[in-house]
Every structure is written in structure tokens, then in C-alpha cells.
Protein chains: 2
Amino acid sequence: MALEHAILVSLLERPGSGYELARRFDRSIGRFWTATHQQIYRVLRRMEADGWVAAQEVAQDGRPDKKVYSAAAAGRSALADWLREPVEPETVRHELAVKIRAAAFDDPAALISEVERHRDGHAALLARYLHGEQRDFPDLTALDTCQELQHVVLRGGIEYERMTLAWLDDVLATLRRLAADRPS
Amino acid sequence: MALEHAILVSLLERPGSGYELARRFDRSIGRFWTATHQQIYRVLRRMEADGWVAAQEVAQDGRPDKKVYSAAAAGRSALADWLREPVEPETVRHELAVKIRAAAFDDPAALISEVERHRDGHAALLARYLHGEQRDFPDLTALDTCQELQHVVLRGGIEYERMTLAWLDDVLATLRRLAADRPS
DNA sequence: ATTGCCTATGCAACTCGTTGCATAGCAGGA
DNA sequence: TCCTGCTATGCAACGAGTTGCATAGGCAAT
């Protein structure tokens with residue numbers, strides 16, 4: 001279970017409320033680790049009970065109060081312990097790949113618009129990554145350790161999107177060829 | 001929920017027992033959709049109750065009996081319905097990426113051997129994919145629709161592994177540079 | 001001889017993750 | 001004015017997924 005650890009890393013990079021964490025998971029972190037606000041609130045409460053994080057109530061005007069969490073010493077040492085354990089290879093749940101193989105038993109042409117939709121989504125995400133890179137890392141020669149590591153993870157995201165985009169174009173070409181060969 | 005659909009596709013490609021399906025999920029399918037034998041047995045029973053699959057008991061000598069499942073008409077039409085629904089973008093749970101960002105708050109050098117382990121795993125998987133491609137698709141000019149689609153998914157797997165391999169080399173270079181810059 | 005692994009299925013208990021809903025004040029547009 | 005959407009947190013119920021264990025015969029190696 002790594003949601004705790006992902007939250008700890010995010011809080012070490014910057015303290016924040018459950019709501020803010022949920023938004024971070026929708027953005028930068030969310031593309032290599034997803035979580036809903038429900039999970040995050042639940043885990044934060046458990047982590048607070050375990051002394052991994054400390055909470056501070058912050059009153060705001062014009063908005064509901066919030067609880068700002070920050071990583072505690074116990075959380076930091078738990079993170080260090082976890083870093084020394086081996087992790088499993090990443091699990092992939094690639095529903096679209098299942099659909100592509102399923103198309104053999106139905107109409108391959110019917111899948112084209114769906115694949116195009118995914119292609120466009122990945123293209124948009126790649127653009128957002130590249131834009132975020134420009135904004136957050138304007139000078140790549142002057143990064144501290146934390147930023148270096150954030151940037152190498154971002155590079156992974158960028159390469160993943162580029163690769164996926166090229167693959168989805170390949171998938172589209174294949175589907176179009178099959179649709180032309182055997183019109184239903 | 002797509003485990004049902006992944007199982008249906010696998011059974012349409014070839015009927016098999018729960019055990020055999022579990023092994024297929026460990027191999028080809030398993031890299032874009034994971035499932036344990038527990039899940040598979042449970043879902044198969046539900047699918048049988050819903051008339052999506054039909055089971056046939058097969059006695060074997062020297063081995064326990066097995067129940068060979070095959071996709072039924074109702075399952076096939078359920079699959080066709082599902083193909084026409086949009087799917088969510090794939091979810092990624094990339095624990096190693098969390099660790100890389102976590103390394104900023106501990107010792108980056110301590111992560112090197114872990115990343116090397118992952119790198120070697122991905123290299124081995126890429127080799128297995130390429131070997132499987134040679135074996136299962138010796139003549140790329142003579143494929144039926146089902147094989148065309150299997151192959152385009154395999155190409156995706158191969159490209160994913162290549163990209164991951166290159167990225168992990170980038171990560172290793174970054175970690176080594178950080179370790180040299182600031183020795184702990 | 002015993003140990004360990006492979007085939008083949010399954011139960012029980014648990015944790016993880018999702019979905020729907022609820023509260024509640026404020027801001028902005030039709 | 002009403003409706004939608006944002007900030008901020010939370011409960012309850014459900015479904016998905018994991019882990020540990022159990023059975024049970026056969027096969028291969030130590």
C-alpha cells in the first residue's frame with residue numbers, strides 16, 4: 001500500500017489540506033497515482049492517529065475552515081523504511097487494450113472513434129505536461145535535489161504520453177486497414 | 001469493471017479452465033490486466049450464473065478434473081454492448097515514481113539498486129515479448145483480424161517496455177549524478 | 001523418504017477503492 | 001432569481017482486489 005507514502009511525499013514537498021491533496025492527485029501526481037478525496041480523507045485520519053502527520057485547523061473567511069496537514073517525524077521515518085523495501089512492478093489496467101482485442105469478435109471499425117477520443121486525451125495531457133515543464137522548470141541547470149527528482153518523473157510522464165500517442169496512431173491505422181479490408 | 005470482459009475475450013480467443021485463464025493473465029494478458037486466480041474463479045461463477053459462459057467438466061488422469069469454460073451467446077452480446085460504451089483512460093499506479101520523488105527526503109543513492117532491479121525486470125520482459133512475437137507471429141503479412149489486433153496490442157507492450165527502459169536509464173543517471181554531487 | 005513444486009479449485013476474512021449523498025456558504029452567469 | 005460550480009469535509013454502503021489457508025494427487029529432485 002503506497003497511498004500513505006504518496007501523501008507523505010506530497011506533504012513533504014508542501015503541506016496542505018485533504019482537499020488540496022485531492023487536487024494535486026488530480027494533477028501532477030494523479031497521472032502515476034490516482035486517489036479520490038474519500039480515500040485521501042480516510043487515510044489522512046489514520047495517518048494522524050498514527051502520528052505520521054500533524055494537522056492544524058485554519059480558519060478562512062468566505063470559505064469553509066480547513067485542516068492543513070504536514071508530515072511529522074514518524075511519517076518521515078516510515079517513508080525512509082518504505083524506501084528500503086523492494087516494491088512490486090507497477091500494475092497496469094489498460095481497458096482500451098482489452099477492447100482492442102475484443103474488437104476481433106465484433107466490428108473493428110466501431111472502435112475507431114473511441115480510440116480517437118483516447119488519442120486526443122493523451123495529446124492534451126502531453127501538451128499540459130510540456131506547458132507545466134516550461135512553467136515549473138524554466139532553468140534546468142539550476143535545480144535542487146527535490147526538483148531534479150520531480151523533473152525526472154515528469155520526463156517519464158512526457159515520454160509515456162509520447163509513446164502512447166504514437167501507439168494509438170498505430171492502432172488507428174490498423175483498425176482503418178481492417179475496416180477497409182473487410183467492410184461489415 | 002472490465003475483468004469480465006477481459007475473461008470473455010480470452011475465452012473467445014480460446015476456451016479454458018479458471019486455472020488456465022489465471023496463467024494467461026500471468027503471461028500475455030497479465031501485463032495490461034492483472035488478476036489473481038481468486039478473482040477469476042469468483043467472476044467465472046458469476047458469469048456462468050448469468051449465462052455469459054458455459055462450463056464443461058473434463059476428467060483428466062493424473063491430474064484433478066477441470067471445468068473448461070467457453071463464451072456463450074449472451075456473453076458475446078454483453079461484450080458487444082461494452083465495446084460501444086466509452087471507457088475511462090487507463091489508471092496507472094506507479095509505485096516506483098512515488099519512491100523516486102520520496103528519495104529527495106532521504107538518500108537518493110539508496111534507491112539506485114532498486115531502480116536497477118526494475119530496469120532488469122523490464123529488460124527481461126521486453127526480451128520475452130520480442131521472443132513471443134517471433135514465435136507467435138512468424139509471418140506478419142498473413143494475419144487474420146484476431147491476430148492483427150493481438151499484434152497491435154503486443155506492439156504497444158513492446159514500445160512501453162522500450163520507453164520504460166530508456167526512462168529508467170535516465171533515472172539511474174540522475175540518481176548517480178545526485179549521489180556524486182552531494183555524497184551523504 | 002521427504003521436500004518442494006505443479007495442477008486445479010475453493011472458502012473466509014480482510015483491505016482498498018468507488019459511488020452516492022449530505023452539509024454549507026460564497027461567487028458568477030442566464 | 002435560480003442554477004451551477006467551487007471550497008471543504010464527511011458518512012454509509014457497496015464492489016473490487018488481496019492474502020492466507022485448505023484439499024489432494026502426481027511428479028521430480030535431494
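Per chain, numbering begins at 1; letters A, B, ... match sequence-line order. What you see below is based on every heavy atom in this structure, not just the backbone, and it leaves out hydrogens, waters and symmetry mates.
- Rounded to an integer number of Å, the gap from F25(B) CZ to dG17(D) P is 11 Å.
- Between Y19(A) and dT9(D) there is no side-chain polar atom (N or O) within less than 4.0 angstrom of OP1 or OP2.
- Computed from coordinates, the E20(A) CD to dA8(D) P distance equals 6 Å when rounded to whole Å.
- Using a 4.0 Å cut-off, some side-chain N or O of R45(B) falls inside it from OP1 or OP2 of dC11(C).
- Looking only at atom types and distance, the side chain of H5(A) has no donor-acceptor partner in the side chain of E95(B) under 3.5 Å away.
- Considering only side-chain atoms of R23(A), the nucleotide from dT19(D), dT7(D), dT9(C) that sits closest is dT7(D).
- When distances run from any side-chain atom of Q39(B) to the nucleotides dG17(C), dT9(C), dG17(D), the shortest one goes to dG17(D).
- Evaluation of atom-type donor-acceptor distances gives a pair under 3.5 Å for the side chain of R42(A) against the base of dT18(C).
- More than 12 non-hydrogen atoms from other residues, nucleotides or ligands lie less than 6.0 angstrom from CD of Q60(B).
- Side chain to side chain, R155(A) and T174(B) meet the donor-acceptor criterion of an N or O pair below 3.5 Å.
- Nearest-nucleotide positions on DNA chain C for H37(A) and L3(A) put L3(A) closer to the 5' end.
- Atom CG in D26(A) sits roughly 14 Å away from atom C1' in dC6(D) (whole-Å rounding).
- Residue Y41(B) places at least one side-chain N or O closer than 4.0 Å to OP1 or OP2 of dT9(C).
- Atom CG of L21(B) and atom P of dT7(C) are 14 Å apart (whole Å).
- Taking the side chain as every heavy atom from C-beta outward, W167(B) and V152(A) approach each other to under 4.5 Å.
- Below the 3.5 angstrom threshold, one finds a donor paired with an acceptor across the side chain of Q38(B) and the base of dG20(D).
- A sub-4.0 Å separation between OP1 or OP2 of dC16(C) and a side-chain N or O of R46(A) is present.
- A donor atom on one side chain and an acceptor atom on the other are not found under 3.5 Å apart for S10(A) and R101(B).
- Rounded to whole Å, the distance from CG on L44(A) to P on dG17(C) is 14 Å.
- The shortest distance between the side-chain N/O atoms of S17(A) and the OP1/OP2 oxygens of dT9(D) is below 4.0 Å.
- Along DNA chain C, the nucleotide nearest P64(A) and the nucleotide nearest R63(B) are compared for position; the residue whose nucleotide lies closer to the 5' end is R63(B).
- Using a 4.0 Å cut-off, some side-chain N or O of Q60(A) falls inside it from OP1 or OP2 of dA8(D).
- Place D65(A) and E4(B) on DNA chain D by their nearest nucleotides, and D65(A) ends up nearer the 5' end.
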